[in-house]
Each structure stands twice: as structure tokens, then as C-alpha cells.
Amino acid sequence: MKIVVLAGGLSPERNVSLSSGTKIAQALRGLGHTVALVDMYFGLEDYPGLGPEELYGAPAPERWQSVDRTAPDLAAVKAARRWEGKGDFGPGVLELCREADMVFLALHGQCGEDGRIQAAFDLMDIPYTGSGSLGSAIAMDKDLTKRLVAHLVDTPEWRFAAYTEREVDSLTSKTAVPCVVKPVDSGSSIGVTIAGDKRELRSALLEGLRYGGRCVLERYVKGREIQVGLLDGKALPAIEIIPREGFYDYENKYQPGAAEEVCPAPLTPEQAADVARRAEAVYEALGLAVYSRADFILDENGRFWFLEINTLPGMTPTSLMPQEAAAAGLDYPALCQRIIDLSLARKGKT
């Protein structure tokens with residue numbers, strides 16, 4: 001097949017996305033597919049002197065191979081694009097995608113995981129991997145997701161807050177601690193803070209202004225971090241995350257050795273079946289398709305608490321979804337091919 005792997009973009013998770021895209025492209029080429037790997041925002045700028053057809057088989061830039069310790073400065077990213085065209089699609093990207101048999105979405109976060117790219121591709125009849133536009137948009141919104149599944153699974157009490165700097169002190173005084181502060185529509189734990197007291201909460205809310213001042217304030221639940229990949233609506237073996245320090249934040253997710261990952265997670269058969277059922281219920285309720293990953297906390301009383309679900313989970317060398325698939329007997333290239341096959345089947349049903 002002729003496949004475009006679309007990565008990068010303007011999300012704070014662009015570096016994670018580029019790493020995912022590089023590994024996906026390598027795997028697909030190993031399977032015999034003709035593959036072009038392209039940054040959605042920079043497009044052909046990354047391959048000076050090459051035309052669209054010449055991108056197929058071009059090696060990825062070396063800087064895409066790994067993930068930096070900190071999220072990128074998006075203002076600097078914008079300033080670096082030489083092309084003067086408007087919008088998030090760089091030069092040549094849409095033309096390249098139109099001619100492909102499939103676009104493998106290696107995008108993460110607000111640029112690619114929130115349904116907008118999916119809606120655009122639906123209108124242009126471009127086949128792509130993963131969930132459709134509506135399910136993607138819902139799952140990206142942590143508040144809306146919890147509202148829709150709270151009757152199906154346990155989820156920590158929360159409130160949504162849209163605020164300005166003038167409202168930070170009032171919001172701090174009205175919010176119980178400890179709590180978790182999360183941007184409502186971001187991933188990779190970017191902007192997430194566990195606030196143990198009012199001082200930390202105020203600091204977290206001020207930091208949250210960088211991400212739009214729209215957040216979920218969620219009751220902190222202490223426990224084990226359990227994550228469940230889903231493939232075609234069925235749960236894969238769960239994985240447990242044990243950070244060396246702190247919680248499973250951006251750095252612990254993408255720096256090799258920063259966290260211990262145990263798959264299958266050391267759960268009883270009853271616990272494994274319970275968390276699988278909960279993950280599948282969320283996936284179905286949101287109308288998701290192909291693959292996803294749901295995040296839970298297992299508290300000291302043996303109760304699973306649903307946190308969020310990701311519709312385009314990471315596919316980097318340290319990501320969890322490939323590890324869970326491997327535990328189910330599906331290696332990385334086979335997982336990529338399975339995602340393509342399921343996406344083609346979904347496309348045929350629409």
C-alpha cells in the first residue's frame with residue numbers, strides 16, 4: 001500500500017508524535033509498504049529539493065528519533081516555518097494525503113487527536129487510521145468524557161473550570177486539596193499537576209493559564225497506575241506504570257528508564273477482568289474505533305477509578321500500547337498492520 005504517516009503538527013505533543021511517526025514508518029516499510037513520513041505543519045519543508053513522490057522512502061530527520069525532556073515551544077515552532085500559507089497543514093501535505101491509499105495518523109493531542117483532522121479527511125474522502133471525528137472530539141475533552149461515562153464506571157469527583165488570572169485566588173479557595181489539575185484537552189500529562197496544598201494548587205492554576213485556562217479539577221486518588229490498551233474494542237493485557245520519581249508525567253513517559261512498566265500488570269484474574277470490562281465500556285460509550293488506551297488508578301481498596309482515554313495512543317519506543325499488544329502476541333509491525341486493516345474496515349462501513 002501507499003501510506004502517508006502524518007506526524008508532528010502544532011500540539012504540545014508534537015515531539016512525541018514525531019517519534020511515534022518515525023517508528024511507525026520504519027515498521028510499515030519493513031512490511032513492504034511504500035511510506036512517506038511527513039510533519040503535518042512543515043510538510044515538504046523538511047525535505048528540501050524533494051517532490052511529493054520522492055518523499056516515499058526518504059529517511060526521517062535524525063531529530064525525530066527521540067523525545068526531548070520538555071514539551072516544545074510552539075511559538076518557536078510557528079516562527080520556524082518558512083512557508084507563508086495559513087493553517088495547520090504545511091505545504092504539500094493535503095496533496096500527498098489525497099494520493100495515498102491510507103493516512104496513518106501518528107498525531108497526538110490537540111492537533112490530530114481532537115477530531116478536526118478526522119472531520120477534514122472525511123469531507124475529502126481520505127482514509128485514515130483510528131476513531132472518527134465525533135468520538136475523537138469527545139474523548140479529547142476530559143470533562144465531557146467523564147460526564148458521558150460516569151454512570152458506567154467509577155471516576156474521581158471533578159469539576160470543570162474556565163478561568164482567568166483574576167479568578168485564580170477565588171478558584172483556589174473553593175477547591176479541596178489534594179487534587180489533580182489537568183488541562184481539559186491535552187495529553188501526555190502536559191500541564192498536569194498533583195496539588196497537595198493550596199499553595200501548590202494556586203501555582204498549578206497559574207501554570208494552567210498557559211494551556212488556555214480551561215481545566216479539570218479532579219479529586220486525587222492514591223494508588224497504582226493501570227492502563228489498558230484496546231484493539232477493535234477488546235482489552236489487551238493491562239500494564240502497570242511505576243515511576244522512579246513523582247508521578248507518570250511527561251518526562252517519565254518518554255525518557256527511557258524513567259519508569260518501570262510491568263505487562264501484564266500483576267493483577268488477580270478478577271481484577272484483570274474488571275478493568276478490561278471498564279475500559280471496553282468507555283470505548284463503546286464514546287463510539288470509538290480501531291484502537292485506544294484507557295487510564296485507571298487502582299486504589300488500596302481494590303477499586304478501579306477511570307481517569308481518561310486516548311484515541312491515538314503513543315507508538316514511541318517507550319510507549320505502552322505496543323507493549324500491551326506484544327503481551328497479547330502481536331509485535332510492533334503486526335500491530336501497525338492490524339490498525340491499518342481495522343481502519344480500512346471502518347472506512348468501508350461509513
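- Contact annotation: the side chain of I126 approaches that of R98 to within less than 4.5 Å [non-hydrogen atoms, C-beta and beyond].
- Ion pair D274/R277 flagged as a salt bridge, since at least one NZ, NE, NH1 or NH2 atom sits closer than 4.0 Å to an Asp/Glu carboxylate oxygen.
- Put simply, the side chain of T316 gets close to the backbone of T318: a donor and an acceptor are under 3.5 Å apart.
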Determine, stepwise, if the pair E308 / K182 fulfils side-chain contact (heavy atoms from CB on, under 4.5 Å). CA-CA 11 Å; E308 61 186 84; K182 305 177 180 180; 3.9 Å; yes

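- Between F121 and L105 there is a side-chain heavy-atom pair separated by less than 4.5 Å.
- A heavy-atom distance below 4.5 Å is found between the side chains of I297 and E225.
- Under the 4.5 Å side-chain heavy-atom criterion for ILVMFWY residues, a single connected hydrophobic cluster contains both V153 and I138.
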One pair to check against salt bridge (Lys or Arg N to Asp or Glu O under 4.0 Å): K234 and D232. What are the steps and the verdict? CA-CA 6 Å; K234 301 299 181 184; D232 197 20; over 6 Å; no

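- Side-chain contact between L342 and R346 is absent, with no heavy atoms from C-beta onward closer than 4.5 Å.
- Under the ring-ring contact (aromatic ring centres under 6.0 Å, His included) criterion, F306 pairs with F296, not counting sequence neighbours.
- Remark: the backbone N or O of A289 is paired with a side-chain donor or acceptor of S131 at under 3.5 angstrom.
- Using a cutoff of 4.0 Å between basic side-chain nitrogens and carboxylate oxygens, D154 and R278 are scored as salt-bridged.
- At distances below 3.5 Å, at least one donor-acceptor pair connects side-chain atoms of K198 with backbone N or O atoms of T172.
- With hydrogens and angles disregarded, a donor-acceptor distance shorter than 3.5 Å links the side chain of E280 to the backbone of A235.
- Of all heavy-atom pairs between A150 and W158, the closest is CB-CH2, 4.3 Å.
- Following chains of ILVMFWY side-chain contacts shorter than 4.5 Å, one can reach L344 starting from L31, so the two form part of one hydrophobic cluster.
- Atom CD of residue E200 and atom OG1 of residue T193 lie 9.0 Å apart, to the nearest 0.5 angstrom.
- Shown here for L171 and A161, the closest heavy-atom pair between the two residues is CD2-CB, 3.8 Å.
- Side-chain contact between L205 and C215 is present, with heavy atoms from C-beta onward closer than 4.5 Å.
- Put simply, OH on Y128 and CD1 on I117 are 10.5 Å apart, with the number rounded to the nearest 0.5 Å.
- Smallest separation of non-hydrogen atoms from L288 and G135: CD2-O, 3.5 Å.
- S173 pairs by the side-chain contact (heavy atoms from CB on, under 4.5 Å) definition with nothing, not counting sequence neighbours.
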Check step by step if side-chain contact (heavy atoms from CB on, under 4.5 Å) holds for R303 and V221. CA-CA 10 Å; R303 188 175 180 181; V221 177; over 6 Å; no

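- Proximity of L206 to R202: side-chain heavy atoms (C-beta onward) are separated by under 4.5 Å at one or more points.
- Looking at every heavy atom in both residues, A106 comes nearest to A7 through CB-CB, 4.2 Å.
- For D197 (side chain) and R199 (main-chain N/O), a donor-acceptor pair under 3.5 Å exists by modelled atom type.
- Listed for the S343 side chain is a donor-acceptor partner under 3.5 Å among the backbone atoms of G130.
- Contact check for L307 versus V180: no side-chain heavy atoms found under the 4.5 Å cut-off.
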Working for side-chain contact (heavy atoms from CB on, under 4.5 Å), residues V38 and D46: CA-CA 8 Å; V38 62; D46 287 314; 5.8 Å; no

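- At a threshold of 4.0 Å, the pair K146-E218 counts as salt-bridged, since one of the basic side-chain nitrogens sits closer than that to a carboxylate oxygen.
- Under a cut-off of 6.0 angstrom, the local environment of CD in E54 is crowded, with over 12 non-hydrogen atoms contributed by other residues, nucleotides or ligands.
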From CA spacing to verdict: salt bridge (Lys or Arg N to Asp or Glu O under 4.0 Å), R214, D143: CA-CA 10 Å; R214 299 174 69 252; D143 174 53; over 6 Å; no

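- Taking CG of L28 as the start and NE2 of H33 as the end, the distance is 5.5 Å to the nearest 0.5 Å.
- The shortest heavy-atom contact between H108 and M315 is NE2-N, 4.4 Å.
- A chain of hydrophobic side-chain contacts below 4.5 Å, direct or via other Ile, Leu, Val, Met, Phe, Trp or Tyr residues, connects V35 to V93.
- R147 CZ to D141 CG: the interatomic distance, rounded to the nearest 0.5 Å, is 9.0 Å.
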Kindly determine whether T129 and V290 satisfy side-chain contact (heavy atoms from CB on, under 4.5 Å), including the steps that lead there. CA-CA 8 Å; T129 54; V290 185; 5.7 Å; no

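- You'll find the side chain of V192 reaches within 4.5 Å of the side chain of P183, heavy atoms only.
- Taking K2 as the reference, E53 meet the salt bridge (charged side-chain N to carboxylate O under 4.0 Å, His left out) condition, with sequence neighbours excluded.
- Applying side-chain hydrogen bond (donor to acceptor under 3.5 Å, both in side chains) to W305 and the options T155, D299, D295 leaves one that passes, D299.
- Of the possible donor and acceptor atoms, none in the side chain of E99 sits under 3.5 Å from a partner among the backbone N and O of E95.
- Nearest approach of C97 to V4, heavy atoms of both residues: SG-CG1, 4.2 Å.
- Of the possible polar contacts, none joining the N310 side chain to the P313 backbone as a donor-acceptor pair under 3.5 Å is found.
- Judged by the 6.0 Å and 45° rule, R29 forms no cation-pi pair with Y56.
- Under the 3.5 Å distance criterion, with hydrogens and angles disregarded, a donor-acceptor pair is assigned to the side chains of T164 and E167.
- Following chains of ILVMFWY side-chain contacts shorter than 4.5 Å, one can reach V103 starting from Y291, so the two form part of one hydrophobic cluster.
- I226 and V262 are members of different hydrophobic clusters when ILVMFWY side chains are connected at heavy-atom separations under 4.5 Å.
- Without hydrogens or angle criteria, Q271 side chain to L267 main chain gives no donor-acceptor distance under 3.5 Å.
- Side-chain N/O atoms of D122 and Q118 include no donor and acceptor closer than 3.5 Å.
- To the nearest 0.5 angstrom, L10 atom CG is 7.5 Å from F42 atom CZ.
- Proximity of a side-chain donor or acceptor of Y211 to a complementary backbone N or O of D185 within less than 3.5 Å is not detected.
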